[in-house]
Amino acid sequence: MDLPKVFKPEEFELEIYKQWEASGNFSPSKDGKGEPFCVIMPPPNSNGSLHVGHAVFVTLEDIMVRFHRMKGQSTLWLPGADHAGFETQVVYQKKLEKEGRNWFTIPREELYQEIWDFTQTNKAVMEGQLRRLGASCDWSKERFALDPGIVKIVNQTFKKMYDDGLAYRGERIVNWCVKHQTTLSDLEVKHEEKEDPLYFIKYGPITLATVRLETKFGDTAIAVHPDDERYQQYIGKEVEVDTLIGKTKIKVIADEAVDPAFGTGAVKVTPAHDPIDYDIWQRHKNEIPGPMIVIDQFGKLDLLKHFPDNEAAKKYHGLKIAEARKVIAEDMEKAGLMVKIDPTYKHSVATCYKCSNVLEPRVLPQWFIKMKPLAAKAMEAVRKGEVKFVTERFEKIFFHWLENIRDWNVSRQIVWGIRIPVWYKGEEIYVGEVAPTEEGWAQETDVFDTWFSSGQWPFATLKTTGDFEKFYPTTVMETGWDILFFWVARMIMLGLYVTGEVPFKHVYLHGLVRDKDRQKMSKSKGNVIDPLGVVENYGADALRMALVFGVSAGNDIVISEDKIRAHRNFANKIWNASRFVMMNLGDNFIPGQIDLEKASSTDKAILVRIEEVGKTLTKHLDNFDFHLGAEEIYQFFWHEFCDKYLEEIKPAFAEGAAEKAKVNTQQVLFKVWLASIKYLHPFVPFVTEAVYQMSPAKQKEFLMIEDWPQN
RNA sequence: GGGCAGUUAGCUCAGUUGGUUAGAGCGAACGGUUUACAUCCGUUAGGUCAUAGGUUCGAAUCCUAUACUGCCAACCA
């Protein structure tokens, strides 16, 4: 036996993975013991390469999958990639900007094709990276979110929802990102605390406070609280207002939503450009005019449509919001309409979660999904225990969100995605899987929110691979808690709606990866750990072990180079201990019976311990306590098996030791060693497979398909 | 105003139905060239488990309050 003293991952990992994959053992076995086990991989976005967060899910899911596969269950881990509509659009838009090209001037089909190629390139890179991390998923069943089969199912679902009255087209005030030229769902809005001047301005006899001076031309009312004594005389009446572009009459209405304690207790109502004002108008439709759009999709004042012959309006027309606000403030000051300015007013502002620009609310026709009925079913399923969360506290968060859910805007004014399967002809609407055959129908140009299709991912993928009957509902959904609402909740709702069953029985949520100073990783901070770089330097096993060790479900994952190094050392320990074992077994060793009566007390003790450890480890893995399992086998292997047992049996292998006792100890040594590397395999698959392959007594083609020692 | 967590050794974190001297990794100190491994081995130091009450024979673990930290969700102009 001539093995190097140090384990060199790079010499083994690639080759071992190739052999595993070629062997076909990543595919589920035809006949399995017990329940089938299925994990649908959270499909990574095909717009970049893998980051350390992806390594977390690979590690956790691969541990589960390898464990259940070794237990003999028919096991499917289905990989995939997401088109990631808006996210990819943002990435690609940046790329185009760098190249000096303009997104909005490229024809739709051309752009789509370009992004398609872009995502396919990324997807191929990611597949290689997933392999590098050791993911034992079934590549033959990989799916992409825009595969025709998936798109067909997504469209069918939408049609069903339309027919059931759950999908509807509505004109509403929605979140509009001026930079990205699309609407966003409420979940994609980030509220940021900002400091802006609060202007106290005169509207005829009434003084009111506002931040958004520039929307004043779209005001259709003034609102006060019904009980506010200061304004009783005006309620229901019109007041004359100097608007800077003329004098006009505007009605004063009473609405409970107005807080008399804020500002002057009076607000201007601009239904077209403020969600609260929009709601106020909804309640007073008969009294006041509706939305009057004075800001266009690019965030510029658009006045000439409403005030075509107004010379004063020309001054403001076309100004951007920030500039308009400044100019209007100055002019109001000059006109004596400005009472005072509070320059340090703090309030929270809705911004785009990608570009942080302030969102401009707009009134647009969009497709919405009615959420209340879907949410009710999802909550019921969770209450009945059909879906269980690890850890349980996420259930509370889940309920809290679903109880307050509002309808979901699924329309996006972008190119990259599944085009909403709706056709219009005049006033008529057609919803279907494919275009109507007659002439004259034009398809909706909007595409679905990505999460509308990824929300169907578990059943959509399994239906297209033909595994639905066997593997749905799937066993576990493992993903980050940050997408609990975006994805997990939607999968439960849509899965229940379409299939009548929950998409998965367990939800395991992992946390965010942070650096050793607890900082969130970001490119700008320069503290990003590149998983592939770590794999190059320390091996995939070291990274995997570092990502589970001491990490409990739902909590953030702290990782540092020190920690990775420590587990690289552990992999090396496994390597060296195995070298030692093989050296002492010799090339001609044949596994055989252990004579328990003649066994030494040391041998007996270690046999008892490996059984206990196996039991505990199995229990932990069944309970999704991966960190406890990892620690159990780590401690046993390093500090009991290596530090103590191997040292204690050295005399038995010394020259002149009794041959019979030695033979018996060899059997014990082999048994305990083999059980250990089986137990370690889900965590550190490469080094354990490497030493198994070198073992003189390997009984199966691979360690990955060995039997989990049952107790 | 709301909801959910966290507060344990110098640092980062485990600790699953409450039970003997509270653990790990890294770091620190000291000592080891015995042929598996210096990516190693042995020994040691270090914590009133945020604070104050309560339940209990017994609490890091359950309850209440307080403080600090973090996160989520939010229609306050």
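A note on names: the letters A, B, ... follow the listed sequences, proteins ahead of strands, and every chain is numbered from 1.
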Spatial distance of atom CG (D407(A)) from atom OG (S185(A)) [nearest 0.5 Å]: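 Separation between the atoms: 12.5 Å.
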Nearest-neighbour nucleotide for the Y345(A) side chain, C37(B), A77(B), A5(B) considered: A77(B)
From C4(B), C41(B), A77(B), nucleotide with atom closest to I397(A) side chain: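 Nearest nucleotide to the side chain: C4(B).
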Could you give the side-chain donor-acceptor pairs of residues 253-269 of chain A under 3.5 Å, partners two or more places apart or in another chain?
residue, atom, partner, partner atom, Å
D255(A), OD1, A257(A), N, 2.8
D255(A), OD1, R283(A), NH2, 3.0
D255(A), OD2, R283(A), NE, 3.0
D255(A), OD2, H284(A), NE2, 2.7
D259(A), OD1, A261(A), N, 2.9
T264(A), OG1, T207(A), O, 2.5
T264(A), OG1, A266(A), N, 3.4
K268(A), NZ, T215(A), OG1, 2.6
K268(A), NZ, D219(A), OD1, 3.0
K268(A), NZ, T270(A), OG1, 3.1

For the residue pair [X] and [Y], does the interplanar ring angle fall in the parallel (under 30°), tilted (30 to 60°) or perpendicular (over 60°) class?
X       : Y       : value
Y645(A) : F641(A) : parallel
Y231(A) : Y234(A) : tilted
F7(A)   : F12(A)  : parallel
F570(A) : F637(A) : perpendicular

Salt bridge between [X] and [Y], side-chain N to carboxylate O under 4.0 Å?
X       : Y       : answer
D196(A) : K194(A) : no
K346(A) : E193(A) : no
R212(A) : E360(A) : yes

Would you measure the distance from the [atom1] atom in [N] across to the matching atom in [M] and give it in whole Å?
N      : M      : atom1 : value
C41(B) : G47(B) : C1'   : 27 Å
C11(B) : G27(B) : C1'   : 7 Å
G54(B) : A22(B) : P     : 24 Å
G19(B) : G6(B)  : C1'   : 26 Å
U16(B) : A73(B) : P     : 29 Å
A65(B) : A9(B)  : P     : 26 Å
U20(B) : G2(B)  : C1'   : 44 Å
U17(B) : U34(B) : C1'   : 48 Å

Between [N] ([atom2]) and [X] ([atom1]): distance, integer Å:
X       : N      : atom1 : atom2 : value
W481(A) : G3(B)  : CH2   : P     : 19 Å
H191(A) : C71(B) : NE2   : P     : 17 Å
N576(A) : C37(B) : CG    : C1'   : 4 Å
L484(A) : G3(B)  : CG    : C1'   : 13 Å
D219(A) : A77(B) : CG    : C1'   : 11 Å
L208(A) : C76(B) : CG    : P     : 19 Å
F394(A) : A5(B)  : CZ    : C1'   : 9 Å
R212(A) : C75(B) : CZ    : P     : 16 Å

Test salt bridge (charged side-chain N to carboxylate O under 4.0 Å, His left out) applied to K650(A) and E647(A), step by step: CA-CA 5 Å; K650(A) 275 181 181 172; E647(A) 293 303 323; 3.2 Å; yes
Sugar-phosphate, base or nothing in reach of D643(A), heavy atoms under 4.0 Å: sugar-phosphate
Sugar-phosphate only, base, or nothing, as touched by F485(A) at under 4.0 Å among non-hydrogen atoms: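 Answer is sugar-phosphate: F485(A) comes under 4.0 Å of backbone atoms only.
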Is the phosphate of [N], meaning OP1 or OP2, less than 4.0 Å from a side-chain N or O of [X]?
X       : N      : value
H400(A) : A74(B) : no
H347(A) : A77(B) : yes
K396(A) : C72(B) : no

Stems where RNA chain B pairs, listed by first number, each of three or more Watson-Crick or G-U pairs under 3.5 Å: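 Expected stems, ordered by start: B:2-7 with B:67-72, B:10-13 with B:23-26, B:28-32 with B:40-44, B:50-54 with B:62-66.
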Of K644(A) and F580(A), the one whose closest RNA chain B nucleotide lies more 5': F580(A)
Where protein sits on nucleotides 10-26 of chain B, one letter per nucleotide: B base, S sugar-phosphate only, - none, heavy atoms under 4.0 Å: --SSSSB-------SSS
Contact letters for nucleotides 28-34 of chain B, in which S counts primed atoms plus P, OP1 and OP2 and B counts the base, heavy atoms under 4.0 Å: -------
Minimum-distance pair of heavy atoms, taken over all atoms of K190(A) and S356(A):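 Minimum heavy-atom separation between K190(A) and S356(A): NZ-OG, 4.0 Å.
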V687(A) versus D541(A), closest heavy-atom pair with distance: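 Looking at all heavy atoms of both residues, the closest pair is N-OD2, 2.7 Å.
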Note, N572(A) side chain near K5(A) side chain (heavy atom, < 4.5 Å): no
From CA spacing to verdict: salt bridge (charged side-chain N to carboxylate O under 4.0 Å, His left out), K8(A), E10(A): CA-CA 6 Å; K8(A) 298 218 176 79; E10(A) 66 277 15; over 6 Å; no
All pairs passing salt bridge (charged side-chain N to carboxylate O under 4.0 Å, His left out) where residues 618-634 of chain A contributes a residue, at least two apart: K71(A)-D622(A)
Quiz item: R568(A) side-chain donor-acceptor pair to U39(B) base, under 3.5 Å: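 Yes.
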Interface with RNA chain B, restricted to residues 402-409 of chain A and to heavy atoms under 4.0 Å: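 RNA chain B contact set from residues 402-409 of chain A: R406(A).
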Quiz item: cation-pi between K285(A) and W281(A), 6.0 Å / 45°: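 Satisfied, under 6.0 Å and within 45°.
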